[in-house]
Amino acid sequence: MEVLARIDGEAGERVVSSLADVSPELAHQIAAWGFGEIYARPALAPRDRQLVTLGMLTALGGCEPQLEVHVNAALNVGLTPQEIVESLLQAAAYCGFPKAINATLAAKRVFAERGLLPVQGD
């Protein structure tokens with residue numbers, strides 16, 4: 001839970017809490033395995049893990065609620081809005097414009113909530 005809180009903050013804690021009355025085991029595995037084992041590994045920095053996560057969730061499609069959690073996490077670990085937007089633009093080349101648009105709009109919701117709009121780019 002410490003790693004989850006440090007990376008995902010309140011958004012991650014809300015995800016785990018939302019599962020407590022329906023699948024406490026899934027909530028436990030997210031915290032214990034996903035963050036306690038995978039995110040805590042030292043070979044990749046948290047910001048790099050978030051870039052990979054953003055790309056994977058974008059490629060999967062249909063993961064916009066989780067993308068919002070991980071855009072928040074990306075900001076929490078030091079990625080800038082510009083870097084996040086650029087990573088989602090990069091995803092368009094590999095997984096298509098519809099998925100990249102959906103991911104970018106999920107990011108936009110997070111940026112709006114955090115007062116980070118407009119995002120300055122090239």
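The stretch residues 1-21 participates, sequence neighbours left out, in these salt bridge (Lys or Arg N to Asp or Glu O under 4.0 Å) pairs: E10-R14. For the salt bridge (Lys or Arg N to Asp or Glu O under 4.0 Å) condition, no pair includes a residue of residues 89-106, sequence neighbours left out. Annotation: ring-ring contact (aromatic ring centres under 6.0 Å, His included) contacts involving residues 73-122, sequence neighbours excluded, are absent.
Under the 4.5 Å side-chain heavy-atom criterion for grouping Ile, Leu, Val, Met, Phe, Trp and Tyr, V119 is connected to L79 within one hydrophobic cluster. Under the 4.5 Å side-chain heavy-atom criterion for Ile, Leu, Val, Met, Phe, Trp and Tyr, V110 and I84 are members of the same hydrophobic cluster. Y39 and L26 fall within the same hydrophobic cluster, where Ile, Leu, Val, Met, Phe, Trp and Tyr residues are linked whenever their side-chain heavy atoms come under 4.5 Å apart, directly or through other members. Linking Ile, Leu, Val, Met, Phe, Trp and Tyr residues whenever their side-chain heavy atoms come within less than 4.5 Å leaves V77 and L88 in two separate clusters. By the criterion of side-chain heavy atoms lying less than 4.5 angstrom apart, applied directly or through intervening Ile, Leu, Val, Met, Phe, Trp or Tyr residues, V3 is not grouped with W33; the two fall into different hydrophobic clusters.
Across all their heavy atoms, A100 and A92 have their closest contact at CB-CB, 3.6 Å. Scanning all heavy atoms of the two residues, the minimum distance from I38 to G34 falls at CB-O, 3.3 Å. In terms of heavy atoms, L116 sits closest to P81 at CD1-CG, 4.0 Å.
Qualifying side-chain hydrogen bond (donor to acceptor under 3.5 Å, both in side chains) partners for T80, counting only residues two or more places apart in sequence or in other chains: Q82, E83.
Judged by distance alone, with hydrogens and angles left aside, the side-chain atoms of R41 form no donor-acceptor pair with the main-chain N or O of G36 at under 3.5 Å. Side-chain atoms of S23 never come within 3.5 Å of backbone atoms of L19 as a donor-acceptor pair (strictly under, hydrogens ignored).
Between N72 and R114 there is a side-chain heavy-atom pair separated by less than 4.5 Å. The closest side-chain heavy-atom distance from I7 to Q50 is below 4.5 Å.
L54 CG to S87 OG: the interatomic distance, rounded to the nearest 0.5 Å, is 5.0 Å. Summarising the geometry, atom CG belonging to L57 is positioned 11.5 Å from atom CD belonging to E68; distances are rounded to the nearest 0.5 Å. Atom CZ in R47 sits 6.0 Å away from atom CG in L51 (nearest 0.5 Å).
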Please evaluate residues N102 and L67 with respect to the criterion side-chain contact (heavy atoms from CB on, under 4.5 Å), reporting the C-alpha separation (whole Å), side-chain torsions for both, the decisive distance (0.1 Å), and the verdict. CA-CA 10 Å; N102 290 344; L67 264 164; over 6 Å; no
Working for side-chain contact (heavy atoms from CB on, under 4.5 Å), residues F35 and V16: CA-CA 12 Å; F35 284 86; V16 170; over 6 Å; no
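Side-chain heavy-atom separations under 4.5 angstrom define the hydrophobic clusters, and L44 shares its cluster with no other residue. Cluster partners of L89: none. The rule joins Ile, Leu, Val, Met, Phe, Trp and Tyr whenever side-chain heavy atoms lie under 4.5 Å apart, and it links nothing here.
In the model, Q90 has no side-chain atom that pairs as donor or acceptor with a side-chain atom of E86 under 3.5 Å.
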